[in-house]
Amino acid sequence: MQPSDYETLTPAQAIAYQNELRLQIRIEPLDKPIHIIGGADISFNKYSEIVYAGIILLKYPEMTVIGHSSVISRTSFPYISGLLAFREVPALLEAWNKLDIKPDLLVLDGQGIAHERRLGIATHFGLITDTPTIGSAKSRLSGRYTEPDNEVFAQSPMYDKGEIIGTALRSKKNCNPIYISPGHRISMEQSVEVIKNCIKGYRIPEPTRQAHILVNKVRVDDGGKDTQLNLF
DNA sequence: GCGACAG
DNA sequence: ATCTTGTCGC
């Protein structure tokens with residue numbers, strides 16, 4: 001199965017594929033130190049199949065942006081909760097292939113194993129590129145947890161079916177927590193540690209925050225094309 | 001059946 | 001996710 005073929009899958013087939021992929025997930029300590037960390041995100045106009053994907057490269061732990069890649073692509077796979085990867089991975093992979101150098105680890109906007117079948121977009125992308133990944137989501141998909149204290153870096157484990165699948169992390173006081181979960185080839189503890197080192201005063205960690213800024217700029221620069229309301 | 005539901 | 005101004009709270 002190739003990402004370019006995802007758009008031909010039915011939701012049931014996509015779920016079947018996730019159940020195959022989950023057998024290859026490896027939640028284990030990193031095997032190499034991190035020097036360069038990447039952040040990936042997607043942007044698009046409502047009702048449009050055009051998607052803007054981008055990956056930002058930053059020095060770790062300095063969080064200095066040292067490079068990026070972006071691509072304008074399209075997708076016909078709809079957004080379906082639990083199947084986000086089938087909609088966004090194809091374009092992200094195009095951006096990934098355009099990078100001159102690959103990061104030692106990639107942070108994606110969404111879940112890692114904090115997913116009903118343990119196949120959030122970060123885990124999915126990590127598996128097909130054989131790269132260490134971390135999922136950093138702005139909202140919860142699955143898992144139960146108690147609200148972490150209102151202090152920076154207060155955290156609370158997320159449980160599902162008897163196992164810990166993620167960590168609700170208070171990245172900024174008075175802000176809702178973010179949901180961290182390992183994607184592939186990294187441990188739960190290291191995932192949280194790395195993300196903490198990527199927080200620079202904002203609720204969102206620098207990798208995905210910078211990636212979001214990048215793809216939004218690419219979308220706006222692409223012109224007022226495909227906007228919801230475009231008079232004239 | 002009802003409520004939840006990444007981006 | 002995107003569309004959007006002001007506004008409440010720390």
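Below, each value reflects all heavy atoms present in this structure, side chains not excepted, and no hydrogens, waters or symmetry copies. Chain identifiers are assigned alphabetically (A, B, ...) following the order of the sequence lines, protein sequences preceding nucleic acid strands; residue numbering begins at 1 within each chain. Note that the coordinates shown come from a computational prediction; the quantities given were computed from them, not determined experimentally.
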> Going by 5.5 Å between centroids and 30° between planes, is there a stack of Tyr79(A) over dG7(B)?
Replying inline: yes
> How close or far is atom P of dA6(B) from atom CG of Leu83(A), stated in whole angstroms?
Replying inline: 12 Å
> Would you say dG7(B) has OP1 or OP2 under 4.0 Å from some side-chain N or O of Ser139(A)?
Replying inline: yes
> Does a side-chain heavy-atom distance below 4.5 Å link Leu214(A) with Asp41(A)?
Replying inline: no
> For dC5(B), does either OP1 or OP2 sit under 4.0 Å from a side-chain N or O belonging to Arg140(A)?
Replying inline: yes
>> From CG of Asn45(A) over to P of dT4(C), roughly how many Å is that when rounded to an integer?
In response: 11 Å
>> Distance check needed: dA1(C) C1' versus Leu92(A) CG, whole Å only.
In response: 13 Å
> With a 6.0 Å cut-off on ring centres, are Phe86(A) and His124(A) close enough?
Replying inline: yes
> Atom CG of Leu84(A) and atom P of dA6(B): how far apart are they, to the nearest Å?
Replying inline: 9 Å
>> For Tyr202(A), does the six-membered ring have the charged nitrogen or CZ of Arg209(A) within the cation-pi criterion, i.e. under 6.0 angstrom from the centroid and within 45° of the normal?
In response: yes
> If each of His212(A) and Asn174(A) is mapped to the nucleotide of DNA chain C with the nearest heavy atom, which maps nearer the 5' terminus, i.e. the 5' end?
Replying inline: His212(A)
> Between dA1(C) atom P and Leu141(A) atom CG, what is the distance in whole Å?
Replying inline: 14 Å
> Nearest to the side chain of His115(A) - dC3(C), dG7(B), dA6(B)?
Replying inline: dA6(B)
>> Taking any heavy-atom pair under 4.0 Å as a contact, classify Ile42(A): base, sugar-phosphate, or nothing.
In response: nothing
>> Check Glu147(A) with Arg170(A), please: is the shortest side-chain N to carboxylate O separation under 4.0 Å?
In response: yes
>> Closer than 4.0 angstrom, basic N to acidic O: yes or no for Arg144(A) and Asp160(A)?
In response: no
> Is the Lys NZ or Arg CZ of Arg74(A) less than 6.0 Å from the centre of Phe44(A)'s six-membered ring, within 45° of the axis?
Replying inline: no
> Rounded to the Å, how far apart are Ile121(A) CD1 and dC5(B) P?
Replying inline: 19 Å
> Just how far, in rounded Å, is P of dG7(B) from OH of Tyr6(A)?
Replying inline: 20 Å
>> Counting only side-chain heavy atoms from C-beta out, which of dC5(B), dA1(C), dA6(B) sits nearest to Lys138(A)?
In response: dA1(C)
> Is Asn150(A) touching bases, backbone alone, or none of the nucleic acid, heavy atoms closer than 4.0 Å?
Replying inline: nothing
> Separation of Asp109(A) atom CG from dA6(B) atom P, in whole Å?
Replying inline: 12 Å
> Where the side chain of Ser81(A) is concerned, which of dA6(B), dT2(C), dG7(B) is the nearest nucleotide?
Replying inline: dA6(B)
>> Just to be sure I understand the rule, does Gly135(A) reach a base, reach only the sugar-phosphate, or reach nothing, if contact means heavy atoms closer than 4.0 Å?
In response: nothing
> Can you find a side chain N or O atom of Arg219(A) that sits less than 4.0 Å from OP1 or OP2 on dC3(C)?
Replying inline: yes
> With respect to the side chain of Arg87(A), which nucleotide from dA6(B), dT2(C), dG7(B) is positioned closest?
Replying inline: dG7(B)
>> Mind checking if Ser43(A) touches a base, just sugar-phosphate, or nothing, with heavy atoms under 4.0 Å?
In response: sugar-phosphate
